[in-house]
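Below, each value reflects all heavy atoms present in this structure, side chains not excepted, and no hydrogens, waters or symmetry copies. Quick caveat, the model's predicted, so the values are computed rather than measured.
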Amino acid sequence: MKTGIVLFKNSTNYGDDIQALAAYNILKKVDYIFDREKLNNPDTNEKVKLLCNGWFMKNPMNWPPAENLQPLFISMHISHNNNATKYMTDKKWASYYKAFEPIGCRDHHTVKLFQKIGVKSYYSGCLTLTFENKFTENERNDEILFVDAFNKNLPSKLREKYFNQLVPPSIRNKTKFIYHSHDNINMTDEERLTNAQNLIDRYSKAHLVVTSRIHCALPCLALGTPVLFLDVGFNTYNSRNRFDGTINYFNRLDNSSFRFSGIKPFALIARRTGLFNVLNTGKSIKFDWENPPSNPKEHLPIRKEIIDTVNQFFN
């Protein structure tokens, strides 16, 4: 039987491409790359085993996948956006999911969504934990990469103050900035996977990565690259449920270290009025930039389970 993966072909977030690359790499051989938003209308009638992971979805009315696709649902997150939660976990789809249960979910929130409609589900973690570092430690460089550090919904001036609070002057000229957002929706599948691999290669060799992107931080765990996760300014329910079961794997800082980033009334007022501009954001944060702490190892059993589950399904 043929094999396939999913890719959001109009994405403006490299994180989507990185999730597809993880699927591509673990399978080694892929016959089809299907558009995540058009799984109900694939460009083949062949029977295909589908590695179905990622964020779902922008167009939930295009669900479920077509009958010729035999999915392994793993590392799934169902979003509140676009009524995806309401539509994709409607009880009318319970019988469809039961044909492929248990459903592997990358967060505990999604696990509960399936359990609520009587479908067996479990916390699988994210497929991006299966990346392998193809470089040696001798090839690691001194780059300190800031990858979309701090929630972009925070005012830009406040993010600048947080950066200065976190990073001492002696380190600032050593930092480099990477952004997962872009505006090129017309890339080919090959271009998307190549760009994603280029990012993974750069993270593989970095001295340290500081990020608020889970699909930068999770690959760094797999690659053995020290990562500091900034769980700062993610205060909405939809933000928090994406993290449920994930951010426990990281060395991290949260709102308690950065004044005005939380949801207390004074913090909200300070952000909305710009009052933070005339106030101190807090004490300088101590961090060993020269010898950053090693990543926790709690993700390793999950990584092994993902690999075993995928191999059993496809082999």
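- By the 4.0 Å N-to-carboxylate-O rule, K174 lies close enough to E290 to be salt-bridged with it.
- The number of heavy atoms from other shown groups lying within 6.0 Å of CZ (F8) is above 12.
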Residues N82, M57; criterion side-chain contact (heavy atoms from CB on, under 4.5 Å); working and verdict: CA-CA 8 Å; N82 313 309; M57 60 189 294; over 6 Å; no
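- Between the side chains of D308 and Q312, no donor-acceptor pair is found at a separation under 3.5 Å.
- Salt-bridge check for K9 with E37: failed, with every basic side-chain N at 4.0 Å or more from each acidic carboxylate O.
- Note on R213 versus D148: salt bridge recorded, some NZ/NE/NH1/NH2 to OD/OE distance being below 4.0 Å.
- At a threshold of 4.0 Å, the pair R192-D16 does not count as salt-bridged, since none of the basic side-chain nitrogens sits closer than that to a carboxylate oxygen.
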Residue pair D254, S256: steps toward the side chain to side chain donor-acceptor pair (under 3.5 Å) verdict: CA-CA 5 Å; D254 58 22; S256 64; 2.5 Å; yes
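- Other residues, nucleotides and ligands contribute at most 12 non-hydrogen atoms within 6.0 Å of the CG atom of D183.
- Put simply, the side chain of R159 gets close to the backbone of L154: a donor and an acceptor are under 3.5 Å apart.
- Ion pairing between K134 and D201 holds under the 4.0 Å rule for side-chain N and carboxylate O.
- With a 6.0 Å cutoff to the six-membered ring centre and a 45° limit on the axis angle, K49 counts as a cation-pi contact of F313.
- Side-chain contact between F250 and P296 is absent, with no heavy-atom pair separated by less than 4.5 Å.
- Electrostatic pairing of D231 and R240 counts as a salt bridge here, judged by a charged N lying under 4.0 Å from a carboxylate O.
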